[in-house]
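Each ligand, and each atom within it, is numbered from 1 in the order the structure gives. In this chain, residues are counted from 1 in sequence order.
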Amino acid sequence: MTSTAPVPADAGLAQLRHAAAGCRACELWEPATQTVFGEGPATARIVVVGEQPGDQEDRAGEPFVGPSGTLLDRALQAAGIDRRDAYVTNAVKHFRFEPRGERRIHQSPNAEHLQACRPWLAAEFAVLQPEVVVCLGAVAAKALISPSFRITRERGQLLPWTPPGATWHEEDEDGAPAQTWVIATTHPSAVLRTPEEGRPAAFDAMVADLRVVATALP
Ligand code: URA
């Protein structure tokens with residue numbers, strides 16, 4: 001069962017984060033520790049979108065602070081992008097998991113979870129008006145680019161794109177980018193899951209995709 005996310009109109013990031021903390025638009029809020037909203041400066045030119053918070057992110061209340069986050073930081077740095085200049089968020093802002101004994105096993109969000117959370121992402125884009133959006137992995141890429149998007153075939157390509165709910169391109173506001181671009185790369189957890197002998201190449205391929213972003217934004 002989903003309802004409507006309580007997104008305040010014309011809100012800044014702090015107000016959105018505050019409102020999202022009380023979101024009950026889908027059932028994921030209940031077993032989760034807290035909403036994990038996006039993090040980063042309002043001036044960020046790059047928005048990085050993952051799938052959903054993991055176990056450590058759920059506990060910390062911040063995106064990409066666990067092992068995937070460490071790998072993401074390394075990949076961004078190798079590509080010449082300082083994570084502190086980017087805004088990092090997720091397509092779904094609550095951790096979906098299945099309890100198994102003491103452990104909480106990651107479950108991918110379904111279409112309803114993505115739909116319920118989409119207004120938050122749209123509100124983040126409206127504040128940030130990013131130049132480039134980087135989708136990490138298939139869940140984010142399918143949600144934001146196209147359901148038929150295939151990471152293996154289409155990764156590393158900058159595509160002209162209109163963020164959900166975007167009005168700023170039409171309004172031509174001062175300082176707003178004339179065009180937003182989207183690009184997809186592998187999810188850091190997929191690199192971590194790659195068997196050891198192939199992991200350096202998987203990491204390098206992710207860095208090569210991120211370099212496309214760094215080159216587009218001198
Ligand atoms: N994986 C994600 O997609 N997002 C996070 O924040 C952490 C792990």
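- Within the structure, ligand 1 has Pro53 among the residues with a heavy atom less than 4.0 angstrom away.
- With respect to atom 4 (N) of ligand 1, the closest heavy atom belonging to the protein is Asn90 OD1, 2.7 Å.
- Of the residues listed (Asn90, Thr89, Val7), the one engaging Trp120 in a side chain to side chain contact (heavy atoms under 4.5 Å, CB included) is Val7, and it is the only one.
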Side chains of residues 187-205: which donor-acceptor pairs under 3.5 Å do they make with residues two or more places apart or in other chains?
residue: His187; atom: ND1; partner: Ser189; partner atom: N; Å: 2.9
residue: His187; atom: ND1; partner: Ser189; partner atom: OG; Å: 2.9
residue: Ser189; atom: OG; partner: Arg193; partner atom: NH1; Å: 3.3
residue: Thr194; atom: OG1; partner: Ala190; partner atom: O; Å: 2.7
residue: Thr194; atom: OG1; partner: Val191; partner atom: O; Å: 3.3
residue: Arg199; atom: NE; partner: Thr194; partner atom: O; Å: 2.9
residue: Arg199; atom: NH2; partner: Thr194; partner atom: O; Å: 3.2

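- Some N or O of Glu51 is nearer than 3.5 Å to an N or O of ligand 1, by distance alone.
- Between Gly54 and ligand 1, not a single N/O pair is under 3.5 Å apart.
- Cation-pi geometry between Arg104 and Phe97 is satisfied (NZ or CZ under 6.0 Å from the ring centre, within 45° of the ring normal).
- Listed by chain and number, the residues in a ring pair (Phe, Tyr, Trp, His ring centres under 6.0 Å) with Phe125 are Trp161 (sequence neighbours excluded).
- Note on ligand 1: His187 sits in its first shell, one or more heavy atoms being nearer than 4.0 Å.
- For the residue pair Glu51 / His106, a side-chain donor-acceptor distance below 3.5 Å is found, with atom types taken as modelled.
- Set against the non-hydrogen atoms of Pro63, the atoms of ligand 1 under 4.0 Å away are 6 (O).
- In this structure, the side chains of Pro130 and Trp181 stay at 4.5 Å or more apart for every pair of heavy atoms.
- The protein heavy atom nearest to atom 5 (C) of ligand 1 is Gln52 O, 3.4 Å.
- Residue-ligand proximity, Gly50 to ligand 1, at heavy-atom distances under 4.0 Å covers atoms 3 (O).
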